[in-house]
Amino acid sequence: MQKLLKDLSLPAVVAGFLAVLVSYSGPLAIFFQAGASAGISTEMMTSWVWAISMGAAISGIVLSIWLKAPVVTAWSAPGTALLVALFPELSLNEAIGAYITAAIIIFIIGVSGTFDAFVRAIPKGIAAGMMAGILFQFGVGAFAAIETTPALAIGMLVCYVVFRRLFPKYTLVLLLVAGVVLAVVLEGASLSGVRWSIAVPQFIEPEWTLGSTLSLAIPLVLVSLTGQFLPGMAILQGAGYPVKAKPIIGVTSLVSLPMAFFGGITTVVAAITAAICTGKDAHEDPSRRYVAGVFNGVFYLVGGLFAGTIVSLFTSLPAAFVAVLAGLALLGAIAGNLYSALEDASHREASLITFIVTASGMSLFGLSSAFWGVVIGYGCYLVLNGSAGRK
């Protein structure tokens, strides 16, 4: 504690706060879309937000202090995107069972030291193609909203482009504020129902089925490892922090287990917001940037306690607001995954097939398009690049 107080700095605290604000501005919108697909109550949605916030808070604080590095954690945004397509066919109890299964698998992979081997087993392009296919529908949804609420959707799009040009670091935060103002002015949204309230977690009994394991748990493991842990670790190491994956994956997956019973999807290393806390803006001295990771967790803790207030804000706004915010927030992730999917010519066609199958939203034998995207894409990769494809 004495060292933390000694290393405390305003830029690090601000960086931690900004990273949380960006998460609540963009990726959280995907969670609300998943909740709408599942048809859950406001109380249950509050429990979900409480669980993902607490998972990120506990793991982020522990890891940042332990490793003396700005380890920023969050919930799996690509994993959350899976839920939108699976609900309501997938029950909430089955989803919780899949969360627990995924957390156990990730823990085993993490502590066994086989993370790198696991990642190498799945071609980078295949994993990226699946992620791009999952996220693609959110990008489409942002522009489809123009048909029903043109003024709000176009207004938010214009704001996004302007903020992206003038204030790229704060685009999502400014877009959130501008979107709320536009929703009130153009759509008559009322914020009178927004209240300060302490969250009350709701226990959910898990249910395990083969379908939910194959459709959600396995794809969740894949996107968490390749889409979150892999780039998240790369950002940390690229910033000069030679941290190992084993303790980070171990702690986040252990935290994921109890949070799953209250609706919290897998806790992972942040990829999108990590750069905010690992760069020079957090502190000129890299050895003192871990404070940003600690306060990122502290602000998540506050957000979790007042999860009901966050939920009341989002539910007071039009559905188009959430759709546009989520879609625009994921444009960078969609572009990055498409680039990764098509970058290597050796698996470009197989990766493209993975993307198309996943984006199609098809379902066969009760299994999601994400599962079939990987299966079909990987099968094509083996034929095109294995012995069967060689002349």
Side-chain angles (χ1 to χ4, degrees), residues 1-5 7-29 31-32 43-77 80 99 103 172-173 176 194-203 228 232 247-248 250-270 272-274 276-278 282 288-314:
M1 181 59 69
Q2 288 181 342
K3 179 170 175 54
L4 179 63
L5 293 175
D7 293 337
L8 190 65
S9 67
L10 182 59
V13 174
V14 171
F17 174 73
L18 184 59
V20 171
L21 195 56
V22 169
S23 293
Y24 283 151
S25 300
L28 188 63
F31 224 68
F32 278 89
E43 292 76 18
M44 186 59 72
M45 188 73 244
T46 298
S47 183
W48 282 20
V49 175
W50 176 87
I52 60 175
S53 299
M54 288 300 177
I58 296 169
S59 58
I61 293 173
V62 169
L63 287 168
S64 294
I65 294 176
W66 177 18
L67 302 176
K68 289 297 182 290
V71 182
V72 178
T73 57
W75 57 95
S76 176
T80 307
Y99 292 171
L172 294 182
V173 177
L176 172 65
V194 179
R195 297 282 188 275
W196 288 101
S197 59
I198 301 296
V200 179
Q202 306 285 320
F203 182 82
Q228 297 280 169
I248 294 178
V251 169
T252 52
S253 55
L254 283 177
V255 169
S256 297
L257 285 171
M259 293 301 108
F261 289 96
F262 303 97
I265 199 168
T266 308
T267 302
V268 294
V269 173
I272 299 173
T273 57
I276 297 175
C277 296
T278 56
R288 296 177 63 180
R289 292 176 195 162
Y290 76 94
V291 175
V294 174
F295 273 87
N296 179 260
V298 170
F299 288 120
Y300 267 129
L301 188 64
V302 175
L305 290 175
F306 293 98
T309 304
I310 297 173
V311 172
S312 66
L313 172 62
F314 272 84

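One is the number of the first residue; the rest follow in order along the sequence.
Once rounded to the nearest 0.5 Å, the distance linking CH2 of W48 with CH2 of W75 reads 13.5 Å. In this structure, CG on L67 lies 12.5 Å from OH on Y290, to the nearest 0.5 angstrom. Interatomic distance, F262 CZ to Q202 CD, rounded to the nearest 0.5 Å: 9.5 Å.
Partners of F261 by side-chain contact (heavy atoms from CB on, under 4.5 Å), not counting sequence neighbours, listed by chain and number: I100, F203, P206. Remark: V251 engages S59, L63, W66, V255 in a side-chain contact (heavy atoms from CB on, under 4.5 Å) (not counting sequence neighbours). Listed by chain and residue number, nothing satisfies the side-chain hydrogen bond (donor to acceptor under 3.5 Å, both in side chains) test with Y99 (two or more places apart in sequence, or in another chain). Checked against side-chain contact (heavy atoms from CB on, under 4.5 Å), A307 has the following partners two or more places apart in sequence or in another chain: T46, V49, W50, A199.
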key: Evaluation steps, side-chain contact (heavy atoms from CB on, under 4.5 Å), between V72 and V269   = CA-CA 6 Å; V72 178; V269 173; over 6 Å; no
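Within the structure, the side-chain hydrogen bond (donor to acceptor under 3.5 Å, both in side chains) test picks out no pair touching residues 250-266 (sequence neighbours left out).
Scanning all heavy atoms of the two residues, the minimum distance from I61 to V294 falls at CG1-O, 3.5 Å. When every heavy atom of G263 is checked against every heavy atom of A51, the shortest pair comes out as C-CB, 4.2 Å.
Within the 3.5 Å criterion, the main-chain N or O of P70 finds no donor-acceptor partner in the side chain of S64. Using modelled atom types, one side-chain atom of T73 and one backbone atom of A56 make a donor-acceptor pair closer than 3.5 Å.
Using a 4.5 Å cut-off on side-chain heavy atoms (C-beta onward), T267 and I52 make no contact. A 4.5 Å side-chain heavy-atom check between V200 and E43 finds every atom pair outside the cut-off.
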